[in-house]
Amino acid sequence: MNKKIAVIKGDGIGPEIVTEAMKVLDRVAEVYGHSFEYEQLLMGGASIDVNGVPLTDETIERCKASDAVLMGSIGGDTNTSPWYKLPPEKRPEAGLLGIRKALGLFANLRPSVLYPQLSGACPLKEEISSKGFDMLIMRELTGGLYFGARKTEEIDGVMTAIDTLTYNENEIRRIAVKAFDVAMKRRRKVTSVDKANVLDSSRLWRKVVNEVAKDYPEVTLEHMLVDNSAMQLVKDPAQFDVMVTENMFGDILSDEASMITGSIGMLASASMNETKFGLYEPSGGSAPDIAGQNKANPIATILSAAMMLRFSFDMNAEADAVEAAVKQVLDNGIRTGDIMSEGMTLVSCSGMGDAIAAAIK
Ligand code: IPM
Ligand code: MG
């Protein structure tokens, strides 16, 4: 098969980790007889430096013309980078939010798996980590506080900032359907996370999720308040299969879910629209402190590329091969710094990419 992949390397460690994911994709192409054609595009800080804005119409159009988008990370050090002297709508993150909206990527899938090989890197007590876990956060990505009207103004002499959290029933229904569909292919349990004891948007969320659940009698549904969910994630993560939640709660809980796997450098993500089109990126940030040092962990990006093979290209055997190669390399004791432990072999970002590519048979 011949596929066109739009590549946005982005900022910070983005270029390094995406280069390794492309190395792995090239190996997949070689072994399975495909051809992947890459088109590199600018977004975020890299785009500000060249175009003065974090996202151009050109980048959006080229992404739309591709079969899928592979992305690294966006943004810099908010304390020192000149990008953060710009007004908020011109900063790197505005490009990321803009492309999610422009491509209609409302469903963000963030699988969180504790590999037995990394249980030592898990910060939880052994009695919890030894059980392992395999969950997926289905985060709504184009609504809620991220996209509601906002302003900062002086009201009666007092500076006041306003953000708005809006969800309509259609936005809730379509993400709930995605969550139940995914649960049907997994362990058939959905935990819907909200703050229905306080927020109207959460009460509507709960009502609509209950309606959608009627079409999936084989799936067990439970509702959980977001504060309790944060607690349950560190107390007993194995209880979760699919967790579905709104944009902001999903942002926060997915960072927590990533850390208990040992490192945020392990967490892949896929952002999808109603079709098979998606943007694939690691869940972690641009890590400006280690950028350019060939130290970053490329596994999250490589696993995101595997999600691209599976969801956008229907290449299941190829995706399985990439995931198996990651496990194989971990079994062989190969580690980047973030997941390093005694007795293992420390490798660079490119060393990890080489090892995983070589393990694809
Ligand atoms: C993420 C990131 C982004 C988000 C930031 C960079 C705007 O934290 O993808 O989780 O909040 O969605
Ligand atoms: Mg985040």
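Both counts, for ligands and for their atoms, begin at 1 and track the order of listing.
Residue-level proximity to ligand 1 for Met248 is absent, since no heavy atom of it falls below 4.0 angstrom. Neither the backbone nor the side chain of Arg91 has any atom closer than 4.0 Å to an atom of ligand 1 (non-hydrogen atoms only). Residue contacts with ligand 1, taken as heavy atom pairs separated by less than 4.0 Å, do not involve Met71 at all.
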For Asp11 and Ser286: C-alpha separation, side-chain torsions, deciding distance, then whether side chain to side chain donor-acceptor pair (under 3.5 Å) applies.
CA-CA 6 Å; Asp11 309 319; Ser286 59; over 6 Å; no
Test log, rule salt bridge (Lys or Arg N to Asp or Glu O under 4.0 Å), inputs Glu153 and Lys151:
CA-CA 6 Å; Glu153 63 184 358; Lys151 63 179 168 188; 3.7 Å; yes
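Each of Thr336, Asp338, Asn297 was scored for a side chain to side chain donor-acceptor pair (under 3.5 Å) with Ser263, with one residue passing: Asp338. The one candidate from Arg188, Arg187, Lys185 that meets the salt bridge (charged side-chain N to carboxylate O under 4.0 Å, His left out) condition with Glu218 is Arg188.
Near Arg100, with a cut-off below 4.0 Å to any heavy atom, the atoms of ligand 1 are 1 (C), 4 (C), 9 (O), 12 (O). Below 4.0 Å from some heavy atom of Arg139 lie the following atoms of ligand 1, by number and element: 1 (C), 4 (C), 9 (O), 10 (O), 11 (O), 12 (O).
Where the criterion is an N or O separation shorter than 3.5 Å, residue side chain and backbone included, Glu93 fails it with respect to ligand 1.
Using a cutoff of 4.0 Å between basic side-chain nitrogens and carboxylate oxygens, Lys207 and Glu169 are not scored as salt-bridged. Residues Asp320 and Arg310 are paired through a salt bridge, judged by an N-O separation under 4.0 Å between the basic side chain and the carboxylate.
Of the protein's heavy atoms, Tyr146 OH, 2.5 Å lies nearest to atom 11 (O) of ligand 1. Remark: minimum distance from atom 1 (C) of ligand 1 to any protein heavy atom is reached at Arg110 NH2, 3.4 Å.
When every heavy atom of Gly278 is checked against every heavy atom of Met272, the shortest pair comes out as CA-SD, 4.1 Å. Scanning all heavy atoms of the two residues, the minimum distance from Pro298 to Gly353 falls at CG-N, 4.3 Å.
Counting only non-hydrogen atoms, the option in Leu141, Asp251, Leu96 that gets closest to atom 8 (O) of ligand 1 is Asp251.
Residue-ligand proximity: Glu281 is placed with every non-hydrogen atom at 4.0 Å or more from ligand 1.
The Mg ion (ligand 2) sits nearest to atom OD1 when only the N, O or S atoms of Asp251 are considered.
Coordination check, Asp255 versus the Mg ion (ligand 2): failed, since every N/O/S atom of the residue sits at 2.8 Å or beyond.
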